[in-house]
2 protein chains.
Amino acid sequence: MRRPAKNPPPTGRRSNKPRPAVAARAPAAKPYHHGDLRRVLIEAAMQLVGEGGPEAVSVREAARRAGVSPGAPFRHFPSRDALMNAVAEEAQRRFRAEIEMALADAPSGDPLGRFRCLGIAYLRWAMKNPTHFEIISSRRFFDHDRSAGVSSDNAELIGLTERMLAEAFSAGQLRIQDLKQVQIAGRALVYGFARMHIDGHLPRWGVAEAEVEQMAADIVDLFIAGIAGPAAKV
Amino acid sequence: MRRPAKNPPPTGRRSNKPRPAVAARAPAAKPYHHGDLRRVLIEAAMQLVGEGGPEAVSVREAARRAGVSPGAPFRHFPSRDALMNAVAEEAQRRFRAEIEMALADAPSGDPLGRFRCLGIAYLRWAMKNPTHFEIISSRRFFDHDRSAGVSSDNAELIGLTERMLAEAFSAGQLRIQDLKQVQIAGRALVYGFARMHIDGHLPRWGVAEAEVEQMAADIVDLFIAGIAGPAAKV
DNA sequence: TGTGAATGTAAGCGGCGATTACACGGCTTG
DNA sequence: CAAGCCGTGTAATCGCCGCTTACATTCACA
């Protein structure tokens with residue numbers, strides 16, 4: 001948790017004649033007001049998360065990177081947790097975009113195929129953005145239920161899997177009766193693999209970094225094969 | 001992360017005639033030396049983990065509960081991380097004991113049954129000790145590879161699953177060829193479910209607290225059924 | 001043009017991990 | 001049995017943290 005002593009050069013204080021435009025514009029002088037500090041703080045925090053994980057985020061460091069005083073962020077976020085919340089919402093936005101993009105390409109006539117596609121896309125994003133995935137997954141870093149956006153996104157995703165499985169069952173693609181069990185098991189599978197990646201378990205289990213993506217696809221396929229019925233062509 | 005201001009009563013300093021026994025024994029007076037501070041610190045930290053998760057552990061609070069000064073713990077642990085390491089090793093010891101006990105009851109003639117039994121025991125312990133499970137699972141709280149004990153325990157468990165699956169395959173209990181995929185998928189499944197529990201996802205996915213244990217068993221069975229071959233009676 | 005709201009700075013509180021100098025006392029050794 | 005070493009405690013201190021308060025500056029609008 002120790003800060004690495006960034007040693008920021010004390011940039012000159014007082015400005016002479018800042019431009020009245022919204023965004024910072026003066027070349028050498030710094031305007032008193034930042035322009036869009038809130039946005040910049042979130043981006044700085046996102047970057048910190050990417051560099052050292054969720055706990056590497058400190059309000060002071062974000063302020064440092066934004067070039068403002070340690071107290072400034074508290075004008076925009078009442079607490080560190082609130083900042084983390086904003087970061088989580090941004091991460092969730094990107095995650096959702098990835099999922100939607102992947103599903104847009106999947107044929108609607110094959111629900112089980114779409115289910116598989118969802119699993120693959122889920123894992124692909126989690127593999128590529130482990131620290132951001134961790135933020136939106138693990139309580140501790142922000143309170144899921146405190147953010148309406150994240151919560152509703154999540155509920156939507158849950159409902160989506162439910163519908164997919166129901167359709168797959170209707171189409172005779174499943175041989176398992178209890179759809180809820182399938183849903184939970186599938187979710188546990190992909191979440192577990194993503195978590196193993198984040199938590200650094202995969203090397204210990206003999207999965208090298210280069211094989212990770214292939215293995216992710218393989219276990220999703222293995223799971224699908226395990227639940228697929230005679231009508232599915234897996 | 002804020003401490004809740006424990007307000008410890010300032011117990012009298014100087015002792016008169018402390019007993020020369022190893023453990024503290026004087027009724028009202030406190031000996032200068034603690035007796036077994038290391039042990040007590042680990043226990044205090046374990047308790048803190050149980051109360052508020054891994055990040056609720058602070059060296060100062062552990063010292064407070066042990067009734068010593070804030071600097072005392074550093075005689076036994078060079079850093080907070082070292083304390084967490086000791087806590088993790090204790091947790092790992094208990095985890096391993098649970099697994100071994102469960103496997104002792106499983107018939108050796110049914111490798112796939114033993115595999116299932118392992119999964120159930122794994123989940124049972126994780127459900128009952130979520131915060132301790134989190135410590136030994138998530139990097140961030142201690143470095144797995146820094147502890148020879150935890151590392152070897154883990155390697156042993158991994159080897160165990162490997163052997164079980166190989167035996168099950170030889171016995172014709174599996175219909176899947178790629179045993180490594182089965183191993184990773186199985187581990188991802190149980191780890192994912194345990195993580196969903198720890199991270200508070202289960203209620204959102206429609207699994208109430210009372211159903212958790214049953215659902216854990218159900219998804220293990222579902223997975224086993226998915227990989228079981230014609231020779232297995234699942 | 002004047003003024004209040006928004007948004008920045010400066011200073012400071014208490015808690016934290018960690019280090020250092022010093023105090024105590026059990027144990028070995030002569 | 002006495003001496004003193006060394007393991008283990010305390011006290012004080014450092015710098016970083018989240019967060020609060022008082023004050024300064026600037027924008028936007030009447």
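To find a chain, count down the sequence lines: A is the first, B the second, and so on, and within it residues start at 1.
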Rounded to whole Å, CZ of A:F74 lies from P of C:dA6 at a distance of 20 Å
B:L41 CG to C:dG17 P, in whole Å, measures 12 Å
Whole-Å distance, B:R64 CZ to C:dG14 C1', equals 11 Å
To the nearest angstrom, the CZ-P distance between B:R80 and C:dG15 comes to 18 Å
Considering only heavy side-chain atoms of A:S58, the closest of C:dG17, D:dT8, D:dG18 is D:dG18
* Taking atom CD of B:E213 as the centre, does the number of heavy atoms from other residues, nucleotides or ligands within less than 6.0 Å exceed 12? -> no
B:F77 atom CZ is separated from C:dA18 atom C1', nearest whole Å, by 16 Å
Here the distance between atom P of D:dG18 and atom CD of A:E55, to the nearest Å, is 13 Å
Whole-Å distance, A:L37 CG to D:dT25 P, equals 19 Å
inquiry  = Regarding A:R146 and A:D143, does a basic nitrogen lie under 4.0 Å from an acidic carboxylate oxygen?
reply    = yes
From the candidates C:dT7, D:dT8, C:dT9, the one with an atom nearest any side-chain atom of A:V68 is C:dT9
A:H76 NE2 to C:dT9 C1', in whole Å, measures 13 Å
On DNA chain C, more 5' by nearest nucleotide between B:G71 and A:A72 is A:A72
Q) Are A:F74 and A:H76 an aromatic pair by the rule of ring centers under 6.0 Å? A) no
Side-chain atoms of A:V59 come closest, of D:dT8, C:dT9, D:dG18, to D:dG18
Please walk me through it: do B:L103 and B:L160 pass side chain to side chain contact (heavy atoms under 4.5 Å, CB included)? CA-CA 11 Å; B:L103 284 182; B:L160 185 64; 3.4 Å; yes
Assert: residue with more 5' nearest nucleotide on DNA chain C, out of A:R60 and A:P70, is A:P70
